[in-house]
Asks: 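Have a look at this one before I ask anything.
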Amino acid sequence: MSGELLVSLLVLLPVAVAVCCLALRNAAAQKVLLLPAMVLLMVAAAALALRVLPEGPFALTPAAVWDNIVAVLDYVILAYFLYIGVTSRNGLVLGLAVVLAVLLPVVQFGVLGGHVAVSPVFHIDALAIVMCLVISVVGSLIVLYATDYMPAHEAHLKLERTRQPQFFFWFVLFLGVMNGLVFANSLLWLFFFWEVTTLCCYHLIRHNLTDEARENALRALWMNLVGSVAMVAGIGLAYNNAGTISIQELVTGGSALVLLPLALFCLTGFTKAAQAPFQSWLLGAMVAPTPVSALLHSSTMVKAGVYLVLRLAPGYADTSLSLLVAIFGAFVFMVTSLLAIGQNISKRVLAYSTIANLGLIVCCAGINTDLAIAAGIALIIFHAVSKGMLFMAVGVAEQQIGSRDIEDLDGLAARRPVLTIAAVIGMLSMLFLPFGVAFAKWAAIEAAGAQAGWFIAVVTFLAVGSAATLVFWSKWLGRMLSGPVVETKEPKPFLAYGTILLLVSGAVGLSIFVTPLITVLIQPALSGMGYDQAFDVAGWHLRTTFGFFPPWALFLAVAAAVLLPALAARGYRKELDPVYLCGVNVDGPELWFTGIAGEPVQATTGGAYWTQLFGEARLTPLSNWSALVLLVALLAGVILR
Amino acid sequence: MQQVRVDRGADPVISPDALLKEVELLASEGARFTTMICLDLDPEFEIIYLFQKPTLDVVRLRVRMAKDEELPSISSILLGAVLMENEIREFFGVKIINLAIDFKCRMLLSEKSLQMPLLKVRPKPKLTGGGE
Amino acid sequence: MGFLKRARVKSPWILHYCTGGCNGCDIEILACLTPLYDVERFGMLNIGNPKHADVLMITGPVNWKNREVLQRLYAQTPDPKVVIAVGACAATGGVFHNCVNTLGGVDKVIPVDVYVRGCAARPEAIIDGVVLALQKLEEKRSGGVAHAAGAR
Amino acid sequence: MTLTWPIIIAVAAVLLAPLVGGLLRGLDRKLTARMQGRLGPPLTQPFYDFGKLVGKSRSVSSRASIAWVWSYFLLTLTAFALFFLGQDLLVVFFILAFAGGALAFGALSARSPYARFGANRELLQMLSYEPILLLAAVAIYFQTGGFTVYSVFEANQPLLPFLPLVFVAVLVALGIKMRKSPFDIAASEHAHQELVRGVYTEYSGPHLALIELTHWYELVLLMAFLALFWVQPLWVGVLIAFAAYFLELWIDNIAARLRWSWMLGASWGVGIGFIVANLVLLSVLL
Amino acid sequence: MPLMSGNLIKNLFSGPATRPYPIVKREPFPRARARLAYDPDKCTYCGICANICPAAAISVEEDRENLHISRVYNSFACISCARCAELCPQGSLRMEVSPHGAADAKTVAYSASKET
Amino acid sequence: MARVTFPFGPQHPVLPEAIQLQLTCEDERVVEVLPVIGYMHRGIEKAAEANLYPNNIFLCERICGICSFIHALCYCELIEGMMRVEVPPRAKYLRVVWSELSRIHSHMLWLGLLADSFGFESLFMQCWRAREIILDTLEMTTGQRVIQSSCVIGGVRRDIDLDMEPGVRRQMAAFQKELKSIYPVFAKDYTVKLRTVGKGVLPRDQAWSLGTVGPTLRGSGWADDARTLGYAVYDDLGFEPVVEIGCDSYARMMVRLREVVQSVELVIKALDQMPEGDLTVTVKSFPEGEGLIRVEQPRGELVEYARGNGTAYLERLKVRTPTFSNIPALLVMLPGCELADVPVITMSIDPCIACTER
């Protein structure tokens with residue numbers, strides 16, 4: 001198949017499927033439509049990858065009429081935002097939409113003078129392929145998961161009239177838009193896709209139509225509009241300063257004049273990636289159905305933000321902007337990891353962890369060395385797989401248990417063994433070394449450590465944040481693993497469980513085969529962006545100039561260390577003894593003790609959140625102000641240069 | 001030098017109804033609860049309340065009551081009395097009501113212990129096992 | 001196995017529990033840990049957790065409320081284990097022989113291996129008791145798992 | 001580098017560490033006793049304790065706990081072996097963190113309030129010392145240009161004169177890892193603590209022995225890490241490590257156990273603060 | 001924090017304060033009341049000790065069939081108050097300074113009069 | 001907010017005795033505490049009605065093995081007062097000597113346990129090592145280490161004669177030397193202060209109205225000490241109560257620490273002033289009527305009430321021990337503290353559960 005066809009398939013197939021979804025009210029019909037469509041999408045992505053990776057970047061410029069269509073659609077969306085602002089009486093949305101409505105024509109017709117030909121409009125290099133694979137594979141799996149999830153979700157809500165058509169419309173549409181976004185080289189096209197993702201995001205957050213959902217959707221909207229404004233301003237400045245709105249030209253131009261637009265684009269990326277102080281929209285987005293959280297808010301859409309920052313990284317290498325981006329990202333990584341310690345709602349923990357990991361990717365972009373960029377790209381992949389899967393597992397658990405409180409997930413292993421094992425592997429893969437996320441963390445710390453000067457701050461933030469990560473995952477993970485044996489049958493919806501298990505095996509498999517992954521995907525992406533190779537991969541080891549990482553040996557050792565005892569413990573058949581309760585256990589039910597007046601009292605073992613130290617009330621204002629200061633410093637540093 | 005012998009006649013004797021009022025008065029003068037002593041003078045109980053004035057002086061108050069009469073708890077006025085009231089209820093079966101912390105006659109004794117151990121004359125049926 | 005058996009005698013960890021005595025023996029047991037008597041030279045540690053203990057040092061005549069606690073602590077202590085009843089009231093009820101709420105001795109509740117006399121038992125006597133208890137511990141075999149708090 | 005010698009060294013270290021670790025713990029108990037005016041147990045006491053525990057019957061309150069305690073041991077062993085193979089220090093510390101996590105998971109899996117309090121505090125301890133260890137590895141990179149143990153040996157000058165504050169910070173981490181006052185909040189050796197024995201509460205018999213053995217490995221690993229600060233010649237580093245060990249015992253005996261918030265403040269303030277100050281000074285002065 | 005250091009240095013260099021008990025037995029104080037010694041030859045089986053023993057450790061029973069009085073002393077119940085020794089009119093009871101050893105079974109000391 | 005409800009005791013290594021606190025924590029902050037007692041209850045008051053009244057001395061001594069001498073003293077003075085027996089002056093001085101020695105031994109024990117409760121093991125050892133000097137003195141003079149059995153109705157059973165007195169003085173001097181090395185650690189050490197200052201605050205008014213006694217009350221600024229009532233010969237020794245105004249665990253600790261110093265001085269002073277004379281007077285009759293006495297135990301004011309009917313058996317003996325009055329204070333001090341402070345605050349009232357539950 002030709003490259004053009006594949007690209008248009010990747011972008012337009014989801015759009016077409018989405019429109020079809022509008023007509024389908026029946027769950028079975030949805031499955032019939034979506035399953036082949038999603039498989040096709042995955043195949044297309046793979047085919048494109050097979051074409052691009054060996055042959056180098058693939059460029060594509062659609063007919064000029066499409067430029068006009070895109071321009072018109074920009075204004076349609078803008079009008080819709082204005083309409084939302086007016087009807088919802090939300091000053092921020094309205095205000096920002098108005099600013100955008102003024103700024104966009106000014107930039108488009110004033111600065112750009114109507115029409116600027118960009119060549120190529122789509123530039124598909126290895127980095128775009130990495131993103132495309134993530135979107136098409138992980139995204140498609142999540143769509144399939146949603147076909148199981150949404151009927152149950154609606155059954156739970158007891159809706160009179162199904163709203164699944166709308167849901168799947170926005171949901172599937174998003175995949176195509178996202179593919180377009182990562183392929184786009186023209187900033188105007190990028191802006192268009194960017195706006196559509198914002199729109200999808202808005203609709204999906206408010207899907208449940210509760211007051212909270214509407215409010216949070218509006219918050220997401222205005223925060224994303226901040227990014228849009230910054231982007232439009234950036235486009236104008238870029239054209240003004242450098243005379244181009246092609247990303248490739250901007251990045252490779254090496255002109256100091258483009259630093260300000262690049263900083264503005266970074267700001268746009270930060271808003272999309274929900275970096276502090278914009279993290280509240282992502283937290284609020286957790287009211288949406290879980291597939292939305294899994295798809296938009298962890299594995300793909302928020303990645304658009306960091307993708308942009310990463311994509312532009314060569315443009316600001318070795319500048320103070322780079323350092324400030326690194327410090328900002330590391331700071332966000334640290335502070336959101338600390339904030340996650342104080343959370344007891346599972347989805348909020350996942351959300352904070354997502355923000356933290358995005359911060360880490362931003363930080364990698366800022367460190368801006370071969371190793372750091374490699375770490376950033378690796379993180380995009382590993383995080384998407386693990387976090388998407390964790391969201392899905394938590395969503396199933398929420399549906400089956402009826403709670404998203406970590407407290408209620410205590411002892412899940414006894415009730416939902418398969419789900420728990422999947423979740424535990426997912427968490428371990430987020431947390432510990434032989435797995436990819438931690439590997440990327442290792443690479444990031446080594447990369448940051450290898451820089452001197454102000455990067456000491458980056459390393460410090462990373463070290464603290466990495467310890468905080470350990471704490472909030474561990475205290476959740478450990479609690480799930482044991483509990484009173486309850487004889488319940490674990491319902492296992494095929495697609496939901498199937499996709500979860502696929503992603504689990506993906507997380508483990510990719511981590512084991514990290515060396516070929518680096519050779520095949522990440523090193524080409526690096527060279528596509530103009531960086532050198534980060535690793536010496538000879539002998540299946542990953543050797544950097546100063547560090548050494550033997551994935552296979554580690555995997556063997558850790559697998560032996562974790563799996564063998566687990567197997568042995570399964571074989572322990574003897575009756576379990578009661579726990580230590582100062583000698584006043586009550587016979588029979590677990591965890592009851594004799595308390596006041598000789599009456600039995602149930603011992604509870606709630607988790608620790610240390611909210612007086614890590615609670616939102618204490619940390620959020622602090623982190624928001626600090627992040628704001630860093631952002632101002634970031635922009636000021638660029639302007640004052 | 002402290003006077004060890006107690007002159008019985010010198011103490012005011014009141015009924016359970018008047019107790020709370022007296023205690024409130026004492027409390028307003030800054031007195032605090034020291035202890036209470038229950039005596040099983042069959043067929044009545046005599047309960048001696050000891051209060052301490054901000055000086056070292058002790059004020060005694062005696063309550064005479066029939067065994068099935070109800071005695072209001074003073075723990076709402078002086079929380080320090082709550083343990084002793086529970087103990088007296090447990091040891092003698094004195095019906096003390098409105099306790100701030102109710103140990104349900106299981107403060108010191110277990111259900112297998114001898115109930116109301118300090119009663120001189122044991123009531124025959126029912127009244128054993130002070131628990132509610 | 002010789003080492004393991006010797007190790008058992010060289011490392012008795014004690015659980016001390018007062019079942020309703022007067023404290024006299026309890027403070028003497030604590031005094032055994034302190035510099036002048038220092039039972040740690042025999043490897044003894046006051047471990048405080050039944051699951052880690054080998055030697056139960058019980059004082060007091062056992063009252064009704066403590067009976068079940070004592071049974072549970074005994075059940076939660078893994079084999080092999082020995083029980084030392086320290087003091088007159090732990091052995092027979094002693095001065096509390098006519099107290100209504102006491103059962104009169106630890107052996108009314110759990111099997112006792114060694115009795116230490118005295119009221120309060122002197123540290124020297126307690127050390128003698130431990131030495132005797134260790135001889136008994138050596139004779140015991142590592143039996144089955146101590147199961148379930150409510151063994152009785 | 002050829003792998004023959006590192007493998008021989010690592011195998012020897014793995015085999016010898018229990019002996020050295022046990023003797024160190026014995027020395028700890030003996031010295032502590034003498035500081036308290038007591039005679040103390042024999043030097044070989046930890047081995048007796050270990051042997052006794054192995055011979056005891058088990059009491060298991062959660063299956064997952066026994067799995068994790070073995071993981072704790074094996075992971076620590078992995079980290080230990082990696083260190084003596086001359087591998088990347090960050091990798092060693094990450095694996096060590098996994099091991100520490102496994103210990104906490106084991107305690108969390110048992111639904112005992114005491115074990116869970118202990119595990120939560122264990123995690124706070126990790127929050128305290130983990131950044132210090134990671135930053136210490138970075139500091140070593142600053143001085144040697146490599147993250148591997150091997151690169152420390154390749155450097156031609158001792159680290160301590162350049163990284164004195166880092167050394168002090170690592171002492172804080174050592175104190176936490178050794179569970180000595182003022183940091184013995186998650187589990188104390190002598191149980192006279194509000195958490196009974198914290199993370200160890202639900203373990204007994206052979207599992208406790210395994211934990212003890214793992215502690216020996218951890219101890220030797222940390223001592224070896226301290227010795228890295230002066231490897232030209234190595235015996236000076238070993239002496240320094242012993243001095244640090246003695247210092248920890250001393251501090252244990254002149255301080256009360258403090259609370260977790262203080263620990264966090266101290267380890268972040270002193271530990272991280274010192275390392276950052278050291279690195280800043282280093283980059284300013286050199 | 002270092003205020004304890006002085007004590008530690010003193011302890012380290014002055015040697016342990018531990019009394020090596022089972023190996024070296026300390027000389028007991030002359031007044032120590034550790035064990036009740038009984039001289040059956042002096043005893044008249046008057047029963048005063050049994051009456052006043054606060055721990056009921058001593059009992060005196062008359063066996064009319066066999067025509068003798070027996071005195072039973074339970075050392076495990078004895079609280080070493082020395083009240084019996086003080087009140088014994090014959091001086092057959094007295095407190096000794098060295099404590100009892102530990103025992104693995106409760107046995108009582110039994111002594112009977114030759115005849116009544 | 002996730003809560004943790006769990007039993008703290010009865011078997012718990014920081015608690016030497018069996019008491020249970022049913023704690024509810026959020027994170028590590030204690031939000032609710034319920035004391036569960038009864039694990040040490042024996043029924044001594046009932047047994048005291050069945051015993052011959054002189055035998056009750058030995059029973060009363062074993063209400064609590066730590067302050068046993070003062071329990072015996074209290075009972076003896078109570079019966080003597082009811083029977084209008086005048087005790088010889090030498091016996092009164094000896095009673096003071098022994099009760100102050102018991103106070104020192106109790107306070108040193110407590111200081112050690114407090115040090116242990118905040119994890120200062122070497123300090124614990126140091127305290128208990130110093131305490132052994134006092135125990136030796138007690139054994140030398142009375143024949144037993146912790147339960148002296150020296151008080152009888154009408155006087156004392158043993159004497160500190162001229163042969164023994166220099167020994168006692170030597171021991172006190174040795175103890176003072178040890179105390180001098182311990183005192184500054186408690187009073188000034190940074191970590192000790194960190195663990196005690198501001199922990200378990202019991203405001204002055206509340207301390208009074210809750211009925212707390214002894215060092216717990218004196219640590220909150222009240223000069224309330226039953227020794228000022230002048231039983232035995234405290235009048236002649238010029239006794240002044242020790243008062244601290246900090247209202248926290250540190251203040252209570254300092255009260256006890258300073259009381260140790262004071263008690264040593266009292267012992268020496270009593271030895272100096274001790275008159276010659278008999279040790280006992282003969283007591284023939286039986287107690288009759290009602291008697292009420294208050295004496296100062298190491299833990300606070302001990303109130304005993306007895307009712308006799310002219311026979312060898314008492315009709316009623318009521319013992320109100322100091323800890324019984326101090327437990328309600330825990331209900332005020334514990335909520336809001338951290339779990340790590342629970343042992344320290346619980347120890348700060350010097351709980352004697354054997355006393356409390358009798």
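None of these values were measured; they are calculated from a predicted model. To find a chain, count down the sequence lines: A is the first, B the second, and so on, and within it residues start at 1.
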Asks: Please report the closest heavy-atom contact between E/Asn51 and F/Leu52, naming both atoms and the distance.
Replies: O-CD1, 4.1 Å
Asks: With no hydrogens and no angle check, is any side-chain donor or acceptor of F/Arg62 less than 3.5 Å from a backbone partner on E/Ile79?
Replies: yes
Asks: Could you check whether E/Arg19 pairs with F/Asp136 (Lys NZ or Arg NE/NH1/NH2 to Asp/Glu carboxylate O, under 4.0 Å)?
Replies: yes
Asks: Counting heavy-atom pairs closer than 4.5 Å to chain E, which one of F/Thr142, F/Val152, F/Ile57 comes out on top?
Replies: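 Of the options given, most contacts go to F/Thr142.
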Asks: In terms of heavy-atom proximity below 4.5 Å to chain E, should F/Leu123 be classed as side chain, backbone, both, or neither?
Replies: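 Both the backbone and the side chain of F/Leu123 come within 4.5 Å of chain E.
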Asks: Could you report the tightest heavy-atom contact between E/Arg31 and F/Asp161, atom names first, then the distance?
Replies: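 Result for this residue pair: NH2-OD2, 3.9 Å.
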Asks: Would you mind checking which part of E/Ala55 comes under 4.5 Å of any heavy atom in chain F, side chain (CB onward), backbone (N, CA, C, O), both or neither?
Replies: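 Contact with chain F: none, neither part.
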Asks: Taking E/Arg83 for its side chain and F/Phe58 for its backbone only, find out whether a donor-acceptor pair lies under 3.5 Å.
Replies: no
Asks: Going from CZ on E/Phe29 to CD on F/Gln144, what distance comes out if it is rounded to the nearest 0.5 angstrom?
Replies: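 With rounding to 0.5 Å, CZ (E/Phe29) is 12.5 Å from CD (F/Gln144).
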Asks: Side chain from CB out, backbone as N, CA, C, O: work out which of these in F/Leu194 comes under 4.5 Å of a heavy atom of chain E, or both, or neither.
Replies: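 The answer is neither part of F/Leu194.
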Asks: Looking at E/Glu86, is its backbone amide N or carbonyl O close enough to the side chain of F/Arg157 to form a donor-acceptor pair, meaning the two atoms are under 3.5 Å apart?
Replies: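 Answer holds: no.
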Asks: Quick one: what part of F/Glu132 sits under 4.5 Å from any heavy atom of chain E, side chain, backbone, both or neither?
Replies: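 Side chain only.
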Asks: Closest approach of F/Val185 and E/Leu3, non-hydrogen atoms and distance?
Replies: CG2-O, 3.8 Å
Asks: Decide side-chain contact (heavy atoms from CB on, under 4.5 Å) for F/Gln126 and E/Asn11; before the verdict, give the C-alpha distance in whole Å, the side-chain angles of both, and the deciding distance to 0.1 Å.
Replies: CA-CA 10 Å; F/Gln126 207 70 26; E/Asn11 289 342; 3.1 Å; yes
Asks: So how far is it from E/Cys53 SG to F/Asn55 CG, rounded to the nearest 0.5 Å?
Replies: 8.0 Å
Asks: Any chance the side chains of F/Arg129 and E/Asn7 put a donor and an acceptor closer than 3.5 Å?
Replies: no
Asks: Check the surroundings of atom CZ in E/Arg26: do more than 12 heavy atoms from other residues, nucleotides or ligands lie under 6.0 Å from it?
Replies: yes
Asks: Counting only heavy atoms closer than 4.5 Å, note whether F/Glu139 contacts chain E via side chain, backbone, both or neither.
Replies: both
Asks: Has F/Asn51 got a side-chain atom pairing as donor or acceptor with E/Pro54's backbone, closer than 3.5 angstrom?
Replies: no
